[in-house]
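Within every chain, numbering begins at 1; the chains are lettered A, B, ... in the order of the sequence lines, protein sequences first and strands thereafter. The model shown is predicted, which means the values in this text are computed figures rather than measured ones.
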4 protein chains.
Amino acid sequence: MQSHPTDSTRSTEKPPTDPTRHVGRPRDERAHRLILEATTALVLERGFDGLTIEGVARRAGVAKTTIYRWWKNKVDLLAETCAQDLSRAPLDPTESLQGDLVGLLRQELAVQASPMAHKVLPGLMARMAEDDALRKAFESRFPIAPGACTHKTLERARVRDEVDGTDDAALLREMIAGVVFWRLHVCHLETSETDLQRIAQVLRTGLERESS
Amino acid sequence: MQSHPTDSTRSTEKPPTDPTRHVGRPRDERAHRLILEATTALVLERGFDGLTIEGVARRAGVAKTTIYRWWKNKVDLLAETCAQDLSRAPLDPTESLQGDLVGLLRQELAVQASPMAHKVLPGLMARMAEDDALRKAFESRFPIAPGACTHKTLERARVRDEVDGTDDAALLREMIAGVVFWRLHVCHLETSETDLQRIAQVLRTGLERESS
Amino acid sequence: MQSHPTDSTRSTEKPPTDPTRHVGRPRDERAHRLILEATTALVLERGFDGLTIEGVARRAGVAKTTIYRWWKNKVDLLAETCAQDLSRAPLDPTESLQGDLVGLLRQELAVQASPMAHKVLPGLMARMAEDDALRKAFESRFPIAPGACTHKTLERARVRDEVDGTDDAALLREMIAGVVFWRLHVCHLETSETDLQRIAQVLRTGLERESS
Amino acid sequence: MQSHPTDSTRSTEKPPTDPTRHVGRPRDERAHRLILEATTALVLERGFDGLTIEGVARRAGVAKTTIYRWWKNKVDLLAETCAQDLSRAPLDPTESLQGDLVGLLRQELAVQASPMAHKVLPGLMARMAEDDALRKAFESRFPIAPGACTHKTLERARVRDEVDGTDDAALLREMIAGVVFWRLHVCHLETSETDLQRIAQVLRTGLERESS
DNA sequence: TAGTAATCGAGACGGTACGTCGGGTCTTTGT
DNA sequence: ACAAAGACCCGACGTACCGTCTCGATTACTA
């Protein structure tokens with residue numbers, strides 16, 4: 001009934017003198033997994049507001065206490081649950097700024113339009129807007145900081161002499177994320193590849209020229 | 001909210017046939033006002049999630065049923081409460097696309113950064129994202145449709161031959177609203193006049209040139 | 001159309017001038033009737049607790065005010081509604097005390113077991129038990145005071161020398177009403193003619209003999 | 001019912017082999033007691049209709065949910081609250097049917113006239129009359145079934161040859177309870193010892209003779 | 001081998017708010 | 001004067017979750 005150390009995800013032998021080992025009963029990985037799965041299922045079914053700790057506990061067959069022991073509220077729980085859905089892999093650079101921008105837009109769209117993000121993002125942002133600590137905690141959770149990508153993209157463009165030295169990385173990031181978010185979650189618009197090309201074109205041309 | 005000459009309260013000498021007069025006890029305008037004031041105060045104090053119907057009733061010294069009689073939930077109540085804060089007056093056109101874009105951005109910032117909108121917008125959007133009917137009801141509430149402004153702006157620019165014939169009004173609207181929203185409510189960034197100028201420049205240049 | 005002083009239950013008002021003429025809009029007898037009908041229907045459908053002023057108003061298509069103008073609460077309304085169901089005609093005397101007692105019991109059963117009384121009596125009594133004024137008002141509403149019947153019955157029996165001079169009229173009335181009520185509303189028992197005969201026999205024999 | 005005094009808030013003694021011990025946080029006996037006390041106080045002050053769950057919760061300093069966890073409505077709560085007041089101990093037999101009947105009547109009067117019963121009985125009966133399940137649940141709650149008493153009483157009288165073999169136990173029970181109830185709750189009459197003697201006499205004599 | 005310490009299940013607890021129902025009152029127009 | 005309509009305040013309903021809090025039972029590491 002209990003997961004042994006040798007089964008499931010743990011393929012390594014347990015080190016007898018592991019400093020991270022604590023006294024007391026170890027955390028039940030199975031319960032942990034069930035909770036995350038229940039959270040995923042519930043939020044996809046009923047949305048951000050329909051997700052409740054009680055519902056997760058019921059669904060996972062777990063005591064509420066066990067949830068509260070590891071996550072302090074439902075947003076904290078969601079953060080871990082959808083971390084993967086909101087993470088982004090580094091992009092392969094293309095030969096042109098246009099190509100890189102389309103790549104960034106495409107990834108942003110893929111992330112924000114994922115089933116999980118679609119259900120969760122607006123609610124999550126609302127909470128983050130009211131809770132500054134939460135916002136910071138959330139930002140620091142994603143492996144690939146989105147700001148870094150735009151920075152590298154512009155760096156490469158600068159090498160190719162496509163743009164000048166102005167550092168628009170942050171602004172570019174905000175415009176990409178902003179337009180995708182607005183279309184997706186405010187206007188509920190489909191966004192085609194052609195749309196992405198057009199947006200990338202506007203951004204690229206806008207960044208290219210420094211002339212007044 | 002145009003006041004036609006024939007509209008408003010006419011001092012005619014025909015009180016018995018007043019079309020606005022209904023049978024039954026008339027609505028208590030004072031209670032109505034108290035409720036809206038309490039809503040405003042509460043949402044500014046405690047934010048979107050801290051706003052409850054019970055709290056409003058308590059604060060306004062009004063029965064809960066009186067609130068439910070006129071508004072079906074707290075979003076509906078908020079919609080009326082912050083309608084003014086979220087409305088926008090038509091903008092005076094300037095001589096250049098750059099000037100018009102800065103004007104649009106400035107207005108968007110002013111609206112989204114107003115104390116009320118700042119507290120309310122993210123939460124409101126989260127609800128709208130989950131409830132399609134609500135979204136439509138909310139959109140139709142504001143007198144000046146934001147999409148119309150960008151359309152006119154681009155129309156004027158086209159007359160001046162600053163842009164070609166592509167209809168980017170909707171996209172422009174989304175980019176303006178998106179970047180302002182993202183900076184304001186996701187990144188919690190201040191946005192200076194210089195920032196607005198830079199954003200407008202990027203957008204203008206991006207829209208100007210149609211060459212690939 | 002107008003109710004004159006000798007009509008129905010409301011006979012206490014005496015207009016100083018013309019008894020049949022009042023100033024202002026006359027009472028709408030149709031509404032009055034609709035209210036009573038709606039009351040009857042509702043109480044039979046949903047029982048005493050299921051009967052509400054709001055429900056009556058809804059069903060009768062009448063304003064609540066109109067009900068409250070004429071009846072001060074639902075018990076008062078019920079009193080008028082079921083007055084007929086709870087009233088009893090004078091009984092024809094028989095040749096024996098036994099026969100008279102069976103008659104009294106039979107009538108009591110008929111009254112308390114009527115569809116209306118069956119729904120209403122327990123609830124009504126509960127209210128009367130808590131509200132003394134109500135109890136008196138209710139008692140005075142029925143044309144044939146039940147106590148009088150038992151009195152006459154015993155009087156006749158005394159003439160026939162079946163009982164002695166002790167005045168047991170009130171007690172007899174209470175025993176008859178009590179046993180019928182208890183069987184009907186507490187035990188939910190059917191009561192056959194044989195049962196009535198047996199009860200009458202016990203009562204008669206009990207009253208007949210004065211021996212120690 | 002624990003026999004040991006649980007006067008303090010939490011008994012520190014731990015029974016090692018208590019079969020009634022369940023998993024989860026144990027029921028707070030103090031809250032339980034406070035609720036019953038508040039119920040008693042409220043119903044005596046304000047009567048059956050004045051008793052509300054909210055009122056009990058307020059008075060007991062307890063959450064409403066705690067009440068609803070254990071009792072499904074106010075009648076269920078009352079049932080436990082006044083179980084003691086409505087229970088009756090077995091009666092000591094006397095030497096005569098007359099004496100036994102007076103004893104039964106006296107007990108019936110004592111029970112129905114107790115402060116609690118006086119406030120509660122009519123309302124309770126009204127509810128029972130409308131809800132059959134409730135009636136049965138309520139009947140099964142009292143330790144000494146009243147019907148059994150009358151049965152034994154008549155049995156003893158039969159042995160003494162005071163009555164014949166007809167089984168009038170149920171009828172006797174109904175007549176006793178009925179007349180006491182009617183006098184007490186419908187007529188609001190005081191009932192003296194002499195009254196009881198007279199009623200007992202009527203009943204005894206009525207039951208004694210089987211000849212018409 | 002016992003002790004210590006953290007975990008998990010179960011579930012009771014005080015709370016807050018929900019949205020609804022009905023009570024009784026009041027205010028207006030219309031008859 | 002009465003009727004109809006309906007707005008108003010009020011109190012209570014029963015429910016859903018919240019986050020906290022005992023409990024008894026497990027399940028490691030440690031002394």
Side-chain angles (χ1 to χ4, degrees), chain A residues 1-2 5 14 16-18 21-28 30-32 51-58 61-70 72-74, chain B residues 15-16 18 21-32 51-55 57-58 61-70 72-74, chain C residues 22-28 30-32 51-55 57-58 61-70 72-74, chain D residues 10 14 18 21-32 51-55 57-58 60-70 72-74:
Chain A
M1 144 168 128
Q2 239 56 24
K14 57 169 181 171
T17 56
D18 193 337
R21 246 18 194 172
H22 286 39
V23 283
R25 177 174 174 171
R27 178 172 183 165
D28 185 345
R30 186 171 155 278
H32 197 235
L51 179 72
T52 64
I53 299 286
E54 295 235 351
V56 172
R58 224 155 26 222
V62 143
K64 267 200 297 179
T65 334
T66 305
I67 302 180
Y68 278 111
R69 198 189 319 279
W70 302 106
K72 66 178 195 296
N73 52 44
K74 88 167 177 182
Chain B
D18 193 337
R21 243 31 190 160
H22 288 53
V23 287
R25 178 173 173 173
R27 179 172 184 166
D28 185 343
E29 296 299 337
R30 187 172 155 278
H32 197 233
L51 179 72
T52 65
I53 300 285
E54 294 236 354
R58 242 181 340 251
V62 143
K64 258 199 303 180
T65 34
T66 303
I67 302 181
Y68 280 111
R69 199 190 322 280
W70 300 106
K72 66 179 193 296
N73 52 45
K74 87 167 177 182
Chain C
H22 289 312
V23 191
R25 178 171 176 174
R27 175 172 184 169
D28 186 345
R30 189 171 153 278
H32 197 236
L51 178 73
T52 64
I53 300 284
E54 298 235 351
R58 233 169 2 237
V62 144
K64 268 200 296 178
T65 334
T66 305
I67 301 180
Y68 279 111
R69 196 188 319 282
W70 299 105
K72 67 178 195 295
N73 51 44
K74 87 166 177 183
Chain D
R10 305 208 62 78
K14 46 171 188 170
D18 194 342
R21 229 49 182 152
H22 289 67
V23 288
R25 177 173 174 173
R27 178 172 184 165
D28 186 342
E29 295 300 338
R30 187 171 154 275
H32 196 234
L51 179 72
T52 64
I53 300 286
E54 294 236 351
R58 241 182 340 252
V62 142
K64 257 200 302 180
T65 38
T66 302
I67 301 180
Y68 280 112
R69 200 189 321 280
W70 300 105
K72 65 180 195 296
N73 51 47
K74 85 168 178 182

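Protein atom CZ of A:Arg30 is 16 Å distant from nucleotide atom C1' of F:dT27, rounded to whole Å. Atom CD1 of D:Ile67 is separated from atom C1' of E:dA12 by 14 Å (rounded to the nearest Å).
D:Thr66 places a side-chain heavy atom less than 4.5 Å from the side chain of D:Arg69.
Listed candidates were E:dG14, E:dG9, F:dC23. Nearest to the side chain of D:Pro26 is F:dC23. Nearest nucleotide to the A:Arg69 side chain, out of E:dC13, E:dC8, F:dA4: E:dC8.
Between C:Thr66 and F:dA3, a side-chain N or O to OP1/OP2 separation shorter than 4.0 Å is absent. Considering only side-chain N and O atoms, A:Trp70 lies under 4.0 angstrom from the phosphate OP1 or OP2 of E:dC8.
Counting all heavy atoms, side chain and backbone alike, C:Val62 lies closest to C:Ile67 at CG1-CG1, 4.1 Å. Heavy atoms only, all atoms of each residue included: C:Ala63 and C:Ala57 are closest at C-CB, 4.4 Å. When every heavy atom of A:Leu51 is checked against every heavy atom of A:Val56, the shortest pair comes out as CD1-CG2, 3.7 Å.
Among the heavy atoms of the strands lying under 4.0 Å from B:Arg27 are primed sugar atoms or P, OP1, OP2 only; no base atom is included.
Partners of C:Lys74 according to the salt bridge (charged side-chain N to carboxylate O under 4.0 Å, His left out) rule, which considers only residues two or more places apart in sequence or in another chain, do not exist here.
DNA chain E is contacted by both A:Ala31 and A:Gly24; A:Gly24 maps to the nucleotide lying nearer its 5′ end (nearest heavy atom per residue).
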Sugar-phosphate or base contact per nucleotide [nucleotides 19-25 of chain E; S, B, -; heavy atom under 4.0 Å]: BBBBBBB

